[in-house]
Amino acid sequence: MQTLTPQHLVQLTALRHELHRTPEISGEESATAQRISAELEALGADRIWRDLGGNGVAAEFKGTAPGPTVLLRCELDGLPIRELSDLPYKSMNDGKGHLCGHDGHMVSMLGVAMQLATRPASGRVILLFQPAEETGAGAKAVIEDDRWAEIRPDYAFAYHNVPGRPLGEIGLRSGPGNCASRGMQISFEGKSSHAAAPEDGLSPATAMAALMTSLPALGSGQIGDDDFALSTLTHAYLGEPTFGIAPAEGELRVTLRTMSNARMDTLIADALAEVDRNKGVLKVDVQWHDIFPSVVNDADATAIARNVALDLGHAINDMALPMRWSEDFGRIGDDGPKATMLYIGSGETQPQLHNPDYDFPDALLPVVIDQFCGIVERLLGPPRS
């Protein structure tokens, strides 16, 4: 493939800073998608799909001979978190920030596109810039797009940067890689009354108080155990902020998390049973949000990534445990390709993901680009002359 020059890295770093300044949250990534499309056009992609599953963009780079399709996926969206930093390129969009590193993920894949100026010997590479990863909706929407059949890969790879691990270390894990999770929103409706006569109303307080204890108690085991489950209370409200009214309405929000999809099914059933047991005569409505299946990394794809990392001399972390946090890349793997996610260290002193002072480290770009170009070359052969 074409060699990535220092000038290329300067260009990519500038683009990363530009994207960092203008984050868009899940479902609103239209300007980001247009910017990415323009770059892919300039880099000579053979075909570009736009508005894929919403604001998604995919680009095709075709080899000379027939061969497998290798998909490399990154994310377009930022977070609804206010950035707190003194960076000269800090977010200009109030209350929104690239505080998970998706700006760096996008630019990494554009760096791969630069190197694909000399095409692989066979097959084709699809670079997917996916919308709405942070809500768990994006991969599902992309796969449900009618045009996915034109893109569907034989192999799929993605990565996430991991603060707290050495810069450039390649984390790999065959089997469960990221937990399944989903948000449970429980709404309660009773009857208000005067605070001097609470017996004349129907307050959700007793049911909510019981569930605030019993739902978190559904957790079991430790990460890595087959029965691992975590139920985290994240939000509660009850009535209006007054002194004269006994409340009629309330809401709880709980995040359910498991290592496997099967364990998630049982945790959901247990949580619903707790709600039913405690609701009494209250009207209760349960809604589900931010639904992420588990990421299960294919052994063959993981071995390919590991061999490339060894060839490049990258440090490797053979991970004993999966990540607790979730990723919707699992839906792509569930669709059929041999798929794996890489967990690449972004520095031992790096602020954690979703922190208000997080910033993707530009020094990670060449490591990631070399790793993913190496994966492409291993599967599709060296570039044609």
Side-chain angles (χ1 to χ4, degrees), residues 1 12 15 19 22-78 102-120 122-159 301 327-339 341 369 372-373 375-376 379-380:
M1 294 184 181
L12 290 169
L15 178 57
L19 293 170
T22 55
E24 295 176 299
I25 61 174
S26 301
E28 300 178 3
E29 314 97 334
S30 58
T32 303
Q34 291 174 17
R35 186 70 180 86
I36 294 298
S37 296
E39 289 292 325
L40 291 166
E41 285 181 2
L43 291 168
D46 296 307
R47 183 178 179 184
I48 297 176
W49 292 265
R50 296 175 177 82
D51 302 320
L52 194 66
N55 292 314
V57 179
E60 178 185 63
F61 294 82
K62 296 176 67 174
T64 306
T69 295
V70 178
L71 181 141
L72 308 179
R73 174 276 212 170
C74 63
E75 316 94 321
L76 291 166
D77 51 339
H102 294 180
D103 51 344
H105 296 180
M106 285 185 274
V107 170
S108 301
M109 295 310 161
L110 289 173
V112 174
M114 284 180 171
Q115 298 217 52
L116 288 170
T118 49
R119 301 295 197 264
S122 65
R124 61 179 186 154
V125 180
I126 301 290
L127 302 180
L128 172 61
F129 297 78
Q130 182 204 296
E133 187 281 324
E134 295 289 355
T135 62
K140 182 176 187 290
V142 167
I143 291 169
E144 290 177 349
D145 192 297
D146 290 342
R147 295 167 293 169
W148 176 249
E150 303 166 7
I151 293 170
R152 182 174 282 112
D154 301 293
Y155 293 89
F157 298 86
Y159 88 99
E327 238 288 350
D328 75 350
F329 182 66
R331 292 192 184 275
I332 293 176
D334 291 344
D335 192 59
K338 293 186 174 185
M341 173 158 273
I369 294 166
F372 280 85
C373 286
I375 289 170
V376 168
L379 285 167
L380 304 183

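Heads up: numbering here begins at 1 and tracks the sequence.
- Side-chain atoms of D328 come within 3.5 Å of backbone atoms of A139 as a donor-acceptor pair (strictly under, hydrogens ignored).
- Residues E39 and M109 fail the side-chain proximity criterion, which asks for heavy atoms closer than 4.5 Å.
- Taking NE2 from H105 and CD from Q130, the interatomic distance works out to 12.5 Å, rounded to the nearest 0.5 Å.
- Here the closest heavy-atom approach between residue M106 and residue F129 is recorded as O-CE2, 3.5 Å.
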Give the intermediate values and the outcome of side-chain hydrogen bond (donor to acceptor under 3.5 Å, both in side chains) for residues W49 and D145.
CA-CA 11 Å; W49 292 265; D145 192 297; over 6 Å; no
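- Contact of the D334 side chain with the I143 side chain is not registered, since no non-hydrogen atoms from C-beta on lie closer than 4.5 Å.
- Taking all atoms of both residues into account, the shortest heavy-atom contact from L380 to S122 is O-OG, 3.0 Å.
- Remark: D154 engages no residue in a salt bridge (Lys or Arg N to Asp or Glu O under 4.0 Å) (not counting sequence neighbours).
- Contact annotation: the side chain of D335 approaches that of W148 to within less than 4.5 Å [non-hydrogen atoms, C-beta and beyond].
- With values rounded to the nearest 0.5 angstrom, D51 atom CG is found 8.0 Å from S37 atom OG.
- Nearest heavy-atom pair across Y159 and G104 is OH-O, 3.7 Å.
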One pair to check against side chain to side chain contact (heavy atoms under 4.5 Å, CB included): L15 and D103. What are the steps and the verdict?
CA-CA 9 Å; L15 178 57; D103 51 344; over 6 Å; no
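- Between P337 and L71 there is no side-chain heavy-atom pair separated by less than 4.5 Å.
- For the pair G56 and L76, the tightest heavy-atom approach, listed with the atom from each and the gap, is CA-CD1, 4.1 Å.
- If you run salt bridge (charged side-chain N to carboxylate O under 4.0 Å, His left out) between D46 and each of K62, R124, R119, only R119 comes through.
- The distance from the CD atom of E75 to the CG atom of L128 is 9.5 Å, given to the nearest 0.5 Å.
- With respect to V107, the side-chain contact (heavy atoms from CB on, under 4.5 Å) criterion is satisfied by exactly one of I369, I36, L12: L12.
- The shortest side-chain heavy-atom distance between V142 and P131 falls under the 4.5 Å cut-off.
- For the atom pair R47 CZ and E150 CD, the distance stands at 4.5 Å (nearest 0.5 Å).
- In terms of heavy atoms, V376 sits closest to L72 at CG2-CD1, 3.9 Å.
- Between T135 and D77 the shortest side-chain heavy-atom distance does not fall below 4.5 Å.
- For H102 (side chain) and G78 (main-chain N/O), no donor-acceptor pair under 3.5 Å exists by modelled atom type.
- For the pair R50 and E41, the salt-bridge criterion is met [side-chain N within less than 4.0 Å of a carboxylate O].
- The closest donor-acceptor contact from the side chain of E134 to the backbone of A132 lies at 3.5 Å or more, if one exists at all.
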Could you please spell out the steps behind the side chain to side chain contact (heavy atoms under 4.5 Å, CB included) verdict for N55 and T32?
CA-CA 9 Å; N55 292 314; T32 303; over 6 Å; no
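- The pair E24-R35 fails the salt-bridge criterion, with no side-chain N (NZ, NE, NH1 or NH2) lying under 4.0 Å from an Asp/Glu carboxylate O.
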